[in-house]
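Structure, as structure tokens:
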Amino acid sequence: MKRIEWILFLTVMLAVAGFSLPSPVMTPLFLEADGGLLDAGVEKQVRVWWLAAAFALYPLGQMLGGPWLGQLSDRLGRKKVLTLSLIGVVLGYLVMALAIEQRWLWLLLLSRFWEGLCNGNVAIAQALAADISTPERKAHLFSRLNIALNMGWIVGPLLGGYSAEYGGGYTVPFLLAAVLGLINLFAVGFGLPASTAISPSLE
């Protein structure tokens, strides 16, 4: 693949991996009495409701933020908006780690919603792929992005589960997700040109 296509592939894979990476620890974090986030005396039904809220806030934020980020990238350029969204993603994961460390449920829920608002990376990457692809390469490029998306769903939970188990706590997957976001930000910042429309001949 061309250089820009590799960056888009990495962007999609890391975006999905970063989102799915904390998933294995969310359930024990809320449901186990010694999970640390909720007091031991909290009833299981209440724990389930808080867990459902934590999972639901992300797609709610994504539903509201995705179209807005897409429209903004049409006006300001894909790279600029993608960079800003990645900065928001990294900050969101760091705040999640802080919320878990301090046992601040309200901050964890707020950061989950914020993460959804910022994480429009896949949609922007797909729009950028449409910008750079010729009719002959469009099907190949989008199929590769779909592979990247599925790889993110595989790699993320594996890293999340093992990092929590052997890293020493529930905050580790969120910190690791922030690191993946930084790698993604570095690749976009140094690998993508500033213009919205990119010539398919760029290597």
Side-chain angles (χ1 to χ4, degrees), residues 1-22 58 61-62 65-98 111 114-134 136-160 163 167 172-203:
M1 281 188 285
K2 299 178 181 180
R3 173 176 59 86
I4 296 174
E5 293 180 5
W6 274 113
I7 294 171
L8 294 179
F9 184 94
L10 181 68
T11 296
V12 171
M13 187 182 72
L14 292 182
V16 176
F19 162 66
S20 61
L21 191 147
Y58 180 92
Q62 197 172 39
W68 178 71
L69 286 175
Q71 293 174 5
L72 202 61
S73 71
D74 289 337
R75 294 202 314 252
L76 302 180
R78 311 292 189 209
K79 180 178 180 178
K80 182 180 293 186
V81 176
L82 185 56
T83 300
L84 291 174
S85 72
L86 285 171
I87 293 173
V89 165
V90 172
L91 291 176
Y93 283 124
L94 293 177
V95 172
M96 285 185 200
L98 175 65
S111 59
W114 168 262
E115 197 72 24
L117 285 175
C118 294
N119 212 337
N121 306 343
V122 174
I124 298 174
Q126 289 173 336
L128 214 163
D131 291 340
I132 69 169
S133 59
T134 62
E136 295 77 17
R137 289 190 59 80
K138 184 170 291 187
H140 295 285
L141 179 52
F142 275 86
S143 66
R144 286 166 177 165
L145 292 184
N146 190 52
I147 292 172
L149 191 148
N150 288 314
M151 285 181 63
W153 282 115
I154 296 171
V155 171
L158 287 174
L159 286 177
S163 64
V172 177
F174 296 90
L175 295 174
L176 184 56
V179 171
L180 292 181
L182 284 174
I183 294 172
N184 197 350
L185 182 61
F186 179 85
V188 168
F190 289 92
L192 292 183
S195 60
T196 301
I198 304 170
S199 170
S201 63
L202 281 175
E203 296 288 344

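Distance CG/Leu8 to CZ/Phe142: 9.5 Å, rounded to 0.5 Å. Distance CG/Leu149 to CD1/Ile154: 10.5 Å, rounded to 0.5 Å. Distance check: Ile124 CD1 to Thr83 OG1 gives 9.0 Å after rounding to the nearest 0.5 Å. For the atom pair Leu91 CG and Leu98 CG, the distance stands at 12.0 Å (nearest 0.5 Å). If you take CG on Leu159 and CG on Leu180, they are separated by 7.0 Å, rounding to the nearest 0.5 Å. Here OG1 of Thr11 is found 11.5 Å from CD of Gln126. Values are rounded to the nearest 0.5 Å.
In this structure, the side chains of Ile183 and Val179 come closer than 4.5 Å at one or more pairs of heavy atoms. With contacts defined as side-chain heavy-atom distances shorter than 4.5 Å, the pair Leu72/Arg75 qualifies. Counting heavy atoms from C-beta on, the side chains of Leu117 and Gln62 never come closer than 4.5 Å.
Counting heavy-atom neighbours within 6.0 Å of Phe186 CZ, excluding the residue itself, gives a total of 12 or less.
The two atoms that bring Pro173 and Gly160 nearest to each other are CG-O, 3.5 Å, heavy atoms only. Between Val90 and Leu182 the shortest heavy-atom distance is CG2-N, 3.7 Å. Scanning both residues, Ser111 and Met96, for their nearest heavy atoms gives OG-CG, 3.1 Å. Considering all non-hydrogen atoms of both residues, Trp114 and Gly88 come closest at NE1-O, 3.0 Å. Ile4 and Gly191 get closest at one heavy-atom pair: CG1-O, 4.4 Å. Nearest heavy atom pair, residue Ser85 against residue Leu69, reads CB-CD1, 4.3 Å.
Of the residues Ile147, Asn184, Leu145, Asn146, the one that meets the side-chain contact (heavy atoms from CB on, under 4.5 Å) test with Val12 is Leu145.
A distance-only check finds no donor-acceptor pair linking the side chain of Lys138 to the backbone of Ala130 [under 3.5 Å].
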Worked check of side chain to side chain contact (heavy atoms under 4.5 Å, CB included) between Glu115 and Val89: CA-CA 6 Å; Glu115 197 72 24; Val89 165; 3.0 Å; yes

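By the 30° and 60° cut-offs, the orientation of the rings of Phe9 relative to Trp6 is perpendicular.
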